[in-house]
Amino acid sequence: MKTVLLTILVFGIIINLHELGHFFFAKLFGVKVNEFSFGMGPKLLGWGKGETKYSIRLFPIGGFVAMEGEDEESGNGRAFCNKPAWQRFIILFAGAGMNLLLGLCLLAWSTSQMSLLGTNVVGRLEEGAASAAYLQPGDRIVEVNGCATPGYNDVVFQLIRDADGLVDLTVLRGGDLSMTRWERTLARLGIGEKSLGEELYLSVPFQMEEVEEGLRTLKIDFVFLGAEKTLGNAVYYTFQQTISTVKQVWYSLLDIVTGRFGLSQLSGPVGTASVIKEASDAGLRSLVVLVAYITINVGVFNLLPIPALDGGRMFFLLVGALFRRPIPARYEAYINAAGMLILLFFVGLVTFSDVMKLVAR
């Protein structure tokens, strides 16, 4: 019961904050909002304030903002469809923007609880490490398999994303580790007396270990160097971690599209609930970081140019602006409805896979 309630709370906050983003900017630009609902399904409680009706509905995972002229033509001058394209674009983006902002705030809190901040520098190698013949303490890992790794999270993600254990690394060796971020930026431009070090290209073997049936991942056999926390690098670390998480979502989507990850390796609501329970058992900070990752995932996913998602609607707006001829609302509504059916079918498949995993345990 605790897991169910916690999952409902997490998704309720994430989704309703998303809808609040749409609601706030709709009101800001003078769009007529007919209803704002917390939750989905049958109405439990409703009240009105001005022209907008507010409601609390039975299922707390969800919510919606019903704007005049959102899915159909309207003669009302304050209808969504009659507002300038740039205002509609901002209203649509605002939901995902709130999700990303929530993720940033949660990661900022998590960073404030850390005594040392992770870096992309090798601190020490574990005893018997397979990579010890190639890496040295002080090596700064700037690329993994051709992907830029400016921070700790980028390095870890790209390493565990590797499929065969033989990793192409670009490292800077012999540089001054006391350099500030500004000094490193100047050094890349050839300004200043301090050196970033020698750039080396290494093919480094790592051990692979099986984490579950049919899924193997790389074992990181070294410890990263930690940096003392200051206000400046804490702020930078928070933004870097947020950007890194956004990139991880894109890389994960790419892996799904290319068939690198199958359906069995995806998690839907059931699988996510299980992960939320594990994170809550590990402590508040683990739970907060997980919620940050989930809300950033929701934000990025909603910006994809897929019908029924905010990104799909934004794409239609851009197409209309490009050809100076808006797509008729009824056609857009048909496409969005079809996209919603496909998304619901996909969620159903992933949920079924989650249930089968639980049954097989």
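Remember, predicted model here, so these are calculated numbers, not experimental data.
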Q. Should the pair Phe25 and Phe29 be assigned to parallel (<30°), tilted (30 to 60°) or perpendicular (>60°) ring geometry?
A. tilted

Q | CD (Glu127) with more than 12 external heavy atoms under 6.0 Å | A | no

Q | Least distance between heavy atoms, Leu202 atom then Arg173 atom | A | CD1-NH2, 4.1 Å

Q) Do you reckon Ile306 sits in the same ILVMFWY cluster as Leu254, going by side-chain contacts under 4.5 Å, direct or chained? A) no

(Q) Tell me whether the rings of Tyr251 and Phe157 are parallel (<30°), tilted (30 to 60°) or perpendicular (>60°). (A) tilted

(Q) Is it the case that the ring center of Trp250 lies less than 6.0 angstrom away from the ring center of Phe301? (A) no

**Q.** Cluster overlap Tyr152 with Tyr293, hydrophobic side-chain contacts below 4.5 Å
**A.** no

Q) Is the Tyr54 ring parallel, tilted or perpendicular to the Trp47 ring (thresholds 30°, 60°)? A) parallel

**Q.** Interatomic spacing from OG1 in Thr295 to NE2 in His18 - rounded to 0.5 Å
**A.** 9.5 Å

(Q) Determine whether a donor-acceptor pair (N or O, by modelled atom type, separation under 3.5 Å) exists between the side chain of Gln113 and the backbone of Ser110. (A) no

Q: Would you sort out whether Glu68 and Lys83 count as a salt bridge (Lys or Arg N to Asp or Glu O under 4.0 Å), showing the intermediate values?
A: CA-CA 11 Å; Glu68 178 74 21; Lys83 290 294 180 178; over 6 Å; no

Q. Does the Arg78 side chain pair with the main chain of Gly30, one donor and one acceptor, at a distance under 3.5 Å?
A. yes

**Q.** Pair Asp255, Ser252: side-chain N/O donor-acceptor within cut-off below 3.5 Å
**A.** no

**Q.** Distance (rounded to the nearest 0.5 Å) between Asp281 CG and Ile276 CD1
**A.** 12.0 Å

Q. Hey, quick one: are Phe239 and Leu117 part of the same hydrophobic cluster, counting side-chain heavy atoms closer than 4.5 Å, chains of contacts allowed?
A. no

Q: Measure from the side-chain N and O atoms of Thr242 to the backbone N and O of Thr238, and report whether any donor-acceptor pair falls under 3.5 Å.
A: yes

(Q) Closer than 3.5 angstrom, by distance alone: can the side chain of Ser244 be matched with the main-chain N or O of Gln240 as a donor-acceptor pair? (A) no

Q. In terms of heavy-atom contacts, does NZ of Lys277 have more than 12 from other residues, nucleotides or ligands at under 6.0 Å?
A. no

Q: Determine yes or no for a side-chain-to-main-chain donor-acceptor pair under 3.5 angstrom, with Asn336 supplying the side chain and Arg313 the backbone.
A: no

**Q.** Between Glu35 and Ser55, a side-chain donor and acceptor under 3.5 Å
**A.** yes

(Q) When you group the ILVMFWY residues by side-chain heavy-atom contacts below 4.5 Å and let the links chain together, are Met114 and Val291 in the same group? (A) no

Q: For Glu228, look at atom CD and say whether over 12 heavy atoms of other residues, nucleotides or ligands are found less than 6.0 Å away.
A: no

**Q.** Least distance between heavy atoms, Ser131 atom then Leu125 atom
**A.** OG-CD2, 3.4 Å

Q.
Could you report the tightest heavy-atom contact between His22 and Asp310, atom names first, then the distance?
A. NE2-OD2, 3.1 Å

Q: Search all heavy atoms of Ser286 against all heavy atoms of Ala279 and return the closest pair with its distance.
A: CB-O, 3.6 Å

Q. Please walk me through it: do Leu303 and Met314 pass side chain to side chain contact (heavy atoms under 4.5 Å, CB included)?
A. CA-CA 8 Å; Leu303 292 176; Met314 291 162 65; 3.9 Å; yes

Q: Find out if a path of hydrophobic residues (ILVMFWY) with successive side-chain heavy-atom gaps under 4.5 Å connects Val289 to Val156.
A: no

Q | Nearest-0.5 Å distance, CG of residue Leu231 to OH of residue Tyr236 | A | 15.5 Å

Q: Starting from the C-alpha separation in whole Å, work towards a yes-or-no answer on side chain to side chain contact (heavy atoms under 4.5 Å, CB included) for Val171 and Glu143.
A: CA-CA 7 Å; Val171 304; Glu143 281 189 3; over 6 Å; no

Q) Can any side-chain N or O of Asp176 pair as donor or acceptor with the backbone N or O of Ser195 at less than 3.5 Å? A) no

Q. Taking all atoms of both residues into account, what is the closest heavy-atom pair of Ser203 and Asp168, and its distance?
A. OG-OD1, 2.9 Å

Q: Search all heavy atoms of Thr52 against all heavy atoms of Lys27 and return the closest pair with its distance.
A: OG1-NZ, 2.8 Å

Q: Give a yes or no on whether the backbone of Gly41 and the side-chain of Arg57 come within a donor-acceptor separation of less than 3.5 Å.
A: yes

Q: Could you please spell out the steps behind the side chain to side chain contact (heavy atoms under 4.5 Å, CB included) verdict for Leu196 and Arg184?
A: CA-CA 7 Å; Leu196 286 171; Arg184 289 202 300 272; 3.9 Å; yes

Q: Report the C-alpha separation of Asn99 and Ile296 in whole Å, then their side-chain angles, then the decisive distance to 0.1 Å, and conclude whether the side chain to side chain contact (heavy atoms under 4.5 Å, CB included) test is met.
A: CA-CA 6 Å; Asn99 288 133; Ile296 291 172; over 6 Å; no

Q.
For the NZ atom on Lys219, are there more than 12 heavy atoms of other groups (residues, nucleotides or ligands in this structure) within a distance under 6.0 Å?
A. no

(Q) Checking Thr149 against Asn120: is there a side-chain donor and acceptor pair closer than 3.5 Å? (A) no

Q | Leu169 side, atom CG; Phe206 side, atom CZ - distance, nearest 0.5 Å | A | 5.5 Å

Q: Nearest 0.5 Å please: distance from the CG atom of Leu317 over to the CG atom of Leu322.
A: 12.5 Å

Q) Going by distance alone, is a donor N or O of one side chain under 3.5 Å from an acceptor N or O of the other, for Lys32 and Ser74? A) no

Q) When the ring centroid of Phe38 is compared with that of Phe36, is the distance short of 6.0 Å? A) yes

Q. Is it true that atom NZ of Lys53 has more than 12 heavy atoms of other residues, nucleotides or ligands lying nearer than 6.0 Å?
A. no

Q | Modelled atom types, side-chain donor and acceptor of Asn82 and Asn76, under 3.5 Å | A | no

Q) Any donor and acceptor pair, going by atom type alone, linking the side chain of Asp154 with main-chain N or O of Gly151 inside 3.5 Å? A) yes

Q: Using distance alone, with no hydrogens and no angle criterion, decide if Tyr201 and Glu199 have a side-chain donor and acceptor under 3.5 Å apart.
A: yes

Q: Could you walk me through whether Thr245 and Gln241 pass side-chain hydrogen bond (donor to acceptor under 3.5 Å, both in side chains), step by step?
A: CA-CA 6 Å; Thr245 304; Gln241 195 176 13; 5.9 Å; no

**Q.** Distance in Å, Leu225 CG paired with Asp139 CG, rounded so as to fall on 0.5 Å steps
**A.** 11.5 Å

